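Since the structure comes first, as C-alpha cells, the remarks are kept for the end.
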Amino acid sequence: MTFLLAIAIILAVTVVPVMIGARMVGARNTGLGSALLAILLLAMLSVATKVFVPNHLAAFVVYALAGAAVLAVTLGTTFWRGLAVSVIIAVIQLIVMIMFVGAMLGVAAAH
C-alpha cells in the first residue's frame with residue numbers, strides 16, 4: 001500500500017503538471033503516456049547535461065533549451081510553447097512544494 005501511495009505521489013508531482021501545461025498551451029499530445037515519456041526523456045537529458053556540460057550556468061542554459069525542445073517534440077507543440085510548458089511545470093511543482101512544507105510545519109507545530 002505504501003508503495004502504491006509513493007507511486008501516486010510521484011505521478012502527481014511529475015507527470016500531472018506536464019499534462020496540465022500541455023493542455024494550457026494547446027499541445028496535441030496531452031495524455032498520460034506523452035507526459036510520462038516527456039518526464040523520462042527530461043530525466044535522461046538531465047543526466048546527460050550533468051555529465052557532458054561541466055559549467056553549471058552553461059548546463060542550465062543547455063538543459064532549458066534542450067528541455068523545451070524535448071517537450072515540444074514529445075507533446076506535439078512549438079519550441080516556445082514547450083518552453084512555456086516547462087515554466088508551468090516549475091510553477092505547479094513550486095506551489096505543491098510550498099503546500100507540502102506548510103502542511104509539514106503545521107503537523108510539527110501541532111505536536
Side-chain angles (χ1 to χ4, degrees):
M1 184 66 174
T2 304
F3 176 74
L4 292 177
L5 182 61
I7 295 296
I9 291 171
I10 290 169
L11 286 175
V13 175
T14 58
V15 178
V16 172
V18 175
M19 294 170 64
I20 293 169
R23 287 185 177 109
M24 288 178 73
V25 300
R28 273 193 319 263
N29 308 323
T30 60
L32 179 66
S34 297
L36 186 57
L37 177 61
I39 291 298
L40 293 173
L41 292 172
L42 288 173
M44 291 189 302
L45 176 63
S46 175
V47 170
T49 304
K50 288 177 184 175
V51 169
F52 294 113
V53 184
N55 181 304
H56 294 295
L57 179 60
F60 173 78
V61 171
V62 168
Y63 181 76
L65 296 176
V70 164
L71 287 169
V73 170
T74 308
L75 301 175
T77 190
T78 65
F79 172 80
W80 294 109
R81 289 182 181 189
L83 193 58
V85 170
S86 68
V87 170
I88 292 167
I89 292 167
V91 168
I92 291 172
Q93 289 176 339
L94 180 63
I95 290 169
V96 168
M97 195 64 74
I98 289 170
M99 290 171 46
F100 178 73
V101 169
M104 296 310 291
L105 289 175
V107 169
H111 286 85

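Owing to the predicted nature of the structure, the values given are computational and were not obtained by experimental measurement.
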Side-chain heavy atoms nearer than 4.5 Å, only ILVMFWY residues, links allowed to pass through others: does that put Leu37 and Ile7 together?
yes

Is there a path of hydrophobic side-chain contacts, each under 4.5 Å between heavy atoms of I/L/V/M/F/W/Y residues, joining Val18 to Met44?
yes

Kindly compute the distance separating OG1 (Thr14) from CE (Met19), expressed to the nearest 0.5 Å.
11.0 Å

Report all side-chain donor-acceptor pairs from residues 56-81 shorter than 3.5 Å, counting only partners two or more places apart or in another chain.
| residue | atom | partner | partner atom | Å |
| --- | --- | --- | --- | --- |
| Thr74 | OG1 | Val70 | O | 2.7 |
| Thr78 | OG1 | Arg81 | N | 3.2 |
| Arg81 | NH1 | Val25 | O | 3.1 |

Nearest heavy-atom pair of Pro17 and Ala12: which atoms, and what distance?
CD-O, 3.3 Å

Interatomic distance, CD1@Ile89 vs CG@Leu94, rounded to 0.5 Å, equals 13.5 Å

Would a distance-only check, ignoring hydrogens and angles, find a side-chain to backbone donor-acceptor pair under 3.5 Å from Ser34 to Thr30?
no

With a 4.5 Å cut-off on side-chain heavy-atom distances among I, L, V, M, F, W and Y, is there a chain of contacts connecting Leu32 to Ile20?
yes

Hydrophobic cluster membership, Val15 vs Met24, 4.5 Å side-chain cutoff:
yes

Determine whether Val53 and Leu45 fall in the same hydrophobic cluster, where Ile, Leu, Val, Met, Phe, Trp and Tyr are linked whenever their side-chain heavy atoms lie under 4.5 Å apart.
no

Rounded to the nearest 0.5 Å, how far does CG of Leu36 lie from CG of Leu41?
9.5 Å

